[in-house]
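Data first, discussion second: the structure below is written as structure tokens.
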Amino acid sequence: MTEAQPHARERLYSVLAAVPAGTVISYGQLAELAGMPRRARWVGQLLGRLPRDTRLPWHRVINAQGRISLPPGPAADRQKALLQAEGVRVSAGYRISLSEFGWK
DNA sequence: CGTTTGACTTTCG
DNA sequence: ACGAAAGCCAAAC
């Protein structure tokens, strides 16, 4: 087989599915845990293409600055609500305390 | 096949 | 703490 990462997407999905509720992770960390450092943007691109009915905890993924990376809109509010429902403290400016990064 | 795009990250002022 | 600029990389055009 010539493919170096035949199932890169599914590997990423597995890591994401393993993120415990009540914690958040950055795109970069997620990519790194999946064995693909520096693929943060690729992760974001993948999440954007996820179907609405996915069961993956996409809402636990935020950027390295501790903010919701989704552009302002209904989607961002949805992510904020989902996080708060899990006990994650989200400030007015979509900021999240670094202590929620349990895995860093 | 060259250019643009983007749910990113880091550095600098 | 904040915004601008540069760096980075795969997918889409």
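Convention: sequence-line order gives letters A, B, ...; per-chain numbering from 1.
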Rounding to a whole Å, what distance do you find between A/Tyr94:OH and C/dA1:P?
19 Å
Rounded to the nearest angstrom, tell me the gap between atom CZ in A/Arg38 and atom P in B/dT9.
13 Å
Taking atom C1' of B/dG6 as reference, at what distance in whole Å does atom CZ of A/Arg39 sit?
16 Å
For A/Leu12 and C/dA10, give me the distance from atom CG to atom P, rounded to whole Å.
13 Å
Side chain of A/Arg41 only, please: which of B/dT9, C/dA11, C/dC8 is the nearest?
C/dC8
Side chains of A/Tyr94 and A/Asn63: donor-acceptor distance under 3.5 Å anywhere?
no
Taking the nucleotide of DNA chain C with the nearest heavy atom to each, does A/Gln65 or A/Arg49 sit closer to the 5' end?
A/Gln65
Starting at atom CH2 of A/Trp42, determine the distance to atom P of B/dT5, rounded to an integer number of angstrom.
23 Å
OP1 or OP2 of C/dC2 sitting under 4.0 Å from any side-chain N/O of A/Arg95?
yes
Whole-Å distance, A/Arg9 CZ to C/dA11 C1', equals 12 Å
In whole Å, what is the span from the CZ atom of A/Arg67 to the P atom of C/dA1?
11 Å
Classify the nucleic acid contact of A/Gly28 as base, sugar-phosphate or nothing, counting any heavy atom under 4.0 Å across all strands shown.
sugar-phosphate
